[in-house]
Every structure is written in C-alpha cells, then in structure tokens.
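Have a look at the structure below, then the notes.
Residue numbers begin at 1 in each chain, while the letters A, B, ... track the order of the sequences. As the structure is a computational prediction, the values presented were derived from the model and not from experiment.
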There are 2 protein chains.
Amino acid sequence: MEVKNNIRRLRFEKNQMTQQQLADAAGVTRQTIIAIEAGKYSPSLTLAFKVAEAFGVPIENVFQYEQQGGE
Amino acid sequence: MEVKNNIRRLRFEKNQMTQQQLADAAGVTRQTIIAIEAGKYSPSLTLAFKVAEAFGVPIENVFQYEQQGGE
DNA sequence: GTGTAATGTAAAGAATACTTTACATTATGT
DNA sequence: ACATAATGTAAAGTATTCTTTACATTACAC
C-alpha cells in the first residue's frame, strides 16, 4: 500500500513552480518537498492539505492511495 | 491551522460503526482512532486515506483543513 | 572559464505519529 | 448484583515524519 503523488507535474503546470517556492507556500523545507515528491515518506495530513492548497486543488488531485502488490 | 474531522459522525452514519471496527478497517489500533477523533494528533496521509476508504468517501469528507486564529 | 539557480543525496537530530498496556467510566442485558 | 461491550485517559516505547546541515550535480547566462 503506497501513496503516490503528482507534485512534480503540478509544479510544472503552475508556472514551473520550483521546489523552494512550493516549500515556502506549504511552510516546510525544500528537503521535505524533495523527500515527499520522491516518495521517501508519506506526508502528514496537515502537510498534504497545505501542499494541495498551494496548488489550489483537492488532496486527491495531488496524492493517490494505491494498493500495492499482487493483490 | 488545524485539521478537523467528522469521524464520529461518519461512524454513526455507517451502521453505528464502533471505534474498534473502524480501527480494524483502517489497520490501526483503537487508541489511534480515539486520538485522531479527538484531534490529539494529525494522522499521516496514508492513514487518512485508509480511514476515508473505510467510510467509502473522499478524504475531504472526513477531514477539513481550517485556518485557525484571528487571521 | 565563473557565477547563480535548481535539483539531488545523505545523515543526524528533533518532533510527531502510532503502538502497547493498563485502568476507568458508562451503558446494556440478565 | 455480575458480565460484556463501548468509550475514554494516561504513559512509556517505537516508528515515522520533518528539520538542519553539508555536499554534489546539472543547467543556464555571461
């Protein structure tokens, strides 16, 4: 089970937003954005909301919950 | 800034689901559900997805991100 | 070439998110 | 009354999520 995201794509679509700009908008460090973008770890719901808000879209547009595995 | 939730209401509406049943469906302990329901801490996005899935609704129906404070 | 900006990796530390365990309270049925 | 179920609080421990710091790579402009 894993959460995937479209952060990189959304950044591109929103005036080529940089990771630092997104980090500033979401109130976190760039490292956090990098880690989440790369799926290093799953963000807290609070942060997920902030990221979604920075893009002006619902959470489900940014993150997708997908069942992983043979099932 | 705070995330609120309708977990208790949704549990009632879904055949009076108990906290333990929700915990089982979401794959966490009852204590976790209690804590999140009471706003003790904000869940991870992964858990938020699981809870929303247990209710069969989008995350935004379960959790709401609200600006807090005089702003 | 240099300088700047953007992106990426890594590691240690702090803070937070869960788990486990224990106990308490309330409500219902017999 | 007792028994069971549901809910609630608390605390310690574990795991995960972020922050900070450092360094590296890539890309572009001059």
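Computed from coordinates, the A/I34 CD1 to D/dA22 P distance equals 16 Å when rounded to whole Å. Rounding to whole angstrom units, OH of residue A/Y41 and P of D/dC18 are separated by 6 Å. Taking atom CG of B/L45 as the reference point, atom P of C/dT16 lies 19 Å away to the nearest angstrom. The CG-C1' distance, from B/L47 to D/dT17, rounds to 14 Å in whole Å. Going from atom CD1 of A/I36 over to atom P of D/dT17 covers 9 Å, rounded to whole Å. Atom pair A/F49:CZ and D/dC18:P shows a separation of 14 Å (rounding to whole Å applied).
Counting non-hydrogen atoms under 4.0 angstrom, B/S44 reaches the backbone sugars and phosphates but no base. Note on A/T29: a base of the nucleic acid sits closer than 4.0 angstrom, heavy atoms only. Residue contacts shown for A/T32 include a base, since a base heavy atom lies under 4.0 Å away. Using a 4.0 Å heavy-atom distance criterion, A/Q31 is classed as a base contact.
What you find for B/I34 and B/Q19 is that their closest heavy atoms are CG1-OE1, 3.4 Å.
Screening A/R30, A/K4, A/R11 for a salt bridge (Lys or Arg N to Asp or Glu O under 4.0 Å) with A/E37, the sole residue that qualifies is A/R11.
Between the side chains of B/T46 and A/S42, at least one donor N or O sits under 3.5 Å from an acceptor N or O.
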Enumerate donor-acceptor pairs with a distance under 3.5 Å from any side-chain N or O in residues 20-28 of chain B to protein atoms, sequence neighbours excluded.
unit_1 : atom_1 : unit_2 : atom_2 : d
B/Q20  : NE2    : B/D24  : OD1    : 3.0
B/Q21  : OE1    : B/T18  : N      : 3.0

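Taking for each of B/R30 and B/K40 the nucleotide of DNA chain C with the nearest heavy atom, the 5'-most of the two is the partner of B/K40.
For D/dG8, the OP1/OP2 oxygens have a side-chain nitrogen or oxygen of B/R8 closer than 4.0 Å. The shortest distance between the side-chain N/O atoms of A/Q19 and the OP1/OP2 oxygens of C/dG8 is below 4.0 Å.
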